Amino acid sequence: MITPAPSTRRRFLGGTSAVLAAALAGCTGGDGGGSGDGDDGDGGGSDPTDTPVPYGNGEINFIMSPSEPQDYMERQYQPVKEHLADEVGLTTKLKYARNYSAVLQAMGSGTADIAETGPFAAALGVNAGRADIALQRYAYGSWDYTSVIVTKESSDIESLSDLEGETIAFADRLSASGALFPLFMLKEAGLGIGNFPQDKGSAEFDATFSGHAQAFTQLEEDQAPAAGVGQFITLNDDRELKDGYEYVETYDGIPRAPIVTSVELSEAEKSQLVDALEGASDGIYHGADGEADTDDDLWFSDVRPADVDTYQPVIDVAVELGVGADQLEA
């Protein structure tokens, strides 16, 4: 298995101190309504002795990262929204971010309280003082997962070196499995990656960046001969590689994506959200229809406490690639 060279978090911190000075895009609202019965607050007066409004605006805002289409994710996370509203007693809203940068801007500004996001984006958020890693997710029998570079069986691509001069479809620039680790695999294979994931520079291949589903669609529709994505998007309902495709390279052992909380929350508010999710029943993972093993199930089935140390393997690869905030701000 490909493994990154050892490096330290100190080097990573130094490279990401000014992360995400301008977000690439914003968040869009979901269906809004939660099952909580709390009020939204009336803004109050300016008297410093006033009791602070819970969660900043009297409601809980849960942000979804763009790993899959918005309407699908809203169905998946419907029970999460309802559970948080019931446990905390406040209206809970789902919001969909156009990219990982928007997630972190919302978390750092206090316009979001809790979010599901990718490992690398979360690490950047912590180091920029915009988010706190709270929980790690569990799925398919493991706390870690796999990044792949995938092509069609009918293609002439047999090794990563065959991708020189070709176009590769990646997920979001801040995605660990959909950009960071595929780029690391390409570098280890001897291809020049230039200034990617920011811009081409001297890279020996072209690239597009979107989302996991969109990148795989580009491969399906022959818009790119290969895609660098999370393995999950390449699998069928039986958790096997879809017919007609093959992996060029894989990278195992990436810690599964975290759930993060806003740095603007009090410790009591963070604990309230974390405890609610950690202690939830299995039904929270069954989607809007409430039935297990149907199309709207969440991809994960459990959570456990985590912090930035859990994601050190992701940080190590970022350092190895020289990826920092200065490359991701444009």
Side-chain angles (χ1 to χ4, degrees), residues 9 12-13 16-17 19-20 27 34-65 77 79-95 97 100 102-138 143 255-281 284 300 302-312 314-315:
R9 193 183 323 146
F12 180 75
L13 289 168
T16 60
S17 59
V19 66
L20 304 174
C27 300
S35 59
D37 57 2
D39 62 44
D40 293 335
D42 60 5
S46 60
D47 185 347
T49 63
D50 286 350
T51 302
V53 177
Y55 297 94
N57 63 355
E59 65 186 26
I60 300 169
N61 290 287
F62 186 103
I63 305 296
M64 303 173 296
S65 296
Y77 280 93
V80 174
K81 180 186 76 171
E82 294 175 353
H83 177 73
L84 288 176
D86 288 341
E87 289 294 304
V88 180
L90 292 173
T91 296
T92 300
K93 294 182 178 179
L94 297 177
K95 295 186 178 181
Y100 290 101
V103 175
L104 298 184
Q105 174 140 356
M107 298 300 284
S109 66
T111 57
D113 304 302
I114 186 168
E116 63 89 34
T117 191
F120 182 50
L124 283 176
V126 169
N127 291 317
R130 292 174 178 260
D132 292 321
I133 293 174
L135 296 164
Q136 181 185 15
R137 289 177 275 181
Y138 176 90
W143 292 102
R256 286 200 186 278
I259 291 175
V260 299
T261 54
S262 170
V263 293
E264 296 298 314
L265 297 181
S266 68
E267 290 302 317
E269 289 167 335
K270 293 177 186 177
S271 294
Q272 195 173 38
L273 295 176
V274 170
D275 291 347
L277 293 179
E278 190 178 5
S281 67
I284 196 175
F300 60 102
D302 199 3
V303 293
R304 69 179 181 185
D307 57 27
V308 71
D309 290 337
T310 307
Y311 295 90
Q312 191 62 41
V314 182
I315 294 173

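Because the structure is predicted, anything quoted here is derived from the model rather than measured. These numbers come from the heavy atoms of this one structure, side chains and all, not from hydrogens, waters or symmetry mates. We count residues from 1, following the sequence as given.
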Minimal heavy-atom distance between Gly58 and Leu90, with the atoms involved, is O-CD2, 3.4 Å
Taking Arg137 for the side chain and Val303 for the main chain, is one N or O donor matched with an acceptor at less than 3.5 Å?
-> no
Which atom of Glu264 lies closest to which atom of Gly108, heavy atoms considered = OE2-O, 3.6 Å
Does a side-chain heavy-atom distance below 4.5 Å link Glu116 with Tyr77?
-> yes
For Arg256, the side-chain hydrogen bond (donor to acceptor under 3.5 Å, both in side chains) test, sequence neighbours excluded, returns none
Within the distance-only criterion (no hydrogens, no angle test), does the side chain of Thr91 pair as donor or acceptor with the backbone N or O of Glu59 below 3.5 angstrom?
-> no
Could you tell me the separation between the CD1 atom of Ile284 and the CZ atom of Phe300, rounded to the nearest 0.5 Å?
-> 7.5 Å
Checking Asp132, Leu135, Ile259, Ile114 against Val274 for side-chain contact (heavy atoms from CB on, under 4.5 Å), the one that qualifies is Leu135
Is Thr310 reaching over with its side chain to a backbone N or O of Asp307, donor-acceptor style, under 3.5 angstrom?
-> yes
Using modelled atom types only, decide if a donor and an acceptor are shared between the side chain of Ser262 and the backbone of Asp113 within a distance under 3.5 Å.
-> no
Which is it for Val308 and Ile315 under the side chain to side chain contact (heavy atoms under 4.5 Å, CB included) test, yes or no, and what are the steps along the way?
-> CA-CA 9 Å; Val308 71; Ile315 294 173; 3.9 Å; yes
Straight-line distance of Arg130 CZ to Leu104 CG, nearest 0.5 Å | 7.0 Å
Heavy-atom distance under 4.5 Å between the side chains of Lys93 and Lys81, does that happen here?
-> no
Could you state the interatomic distance from CZ (Arg304) to CD (Glu278), rounded to the nearest 0.5 Å?
-> 11.0 Å
Side chain of Gln136, backbone of Trp143: donor and acceptor closer than 3.5 Å?
-> yes
Any donor-acceptor pair under 3.5 Å from Tyr55 side chain to Glu269 backbone | yes
Please name the pair of heavy atoms, one in Thr261 and one in Met107, separated by the smallest distance, quoted to 0.1 Å.
-> C-CE, 3.1 Å
Would you indicate whether the side-chain heavy atoms of Val126 and Val260 approach each other to under 4.5 Å?
-> no
How far apart are the closest heavy atoms of Ala122 and Thr117, and which atoms are they?
-> CB-CG2, 4.0 Å
Write down the atom of Tyr100, the atom of Gly118, and the distance for their closest heavy-atom approach.
-> CE2-N, 3.3 Å
Looking only at heavy atoms, the pair that brings Ile133 and Pro258 closest together is CG2-CB, 4.1 Å
Has the side chain of His83 got a donor or acceptor atom that lies under 3.5 Å from a matching backbone atom of Leu277?
-> no
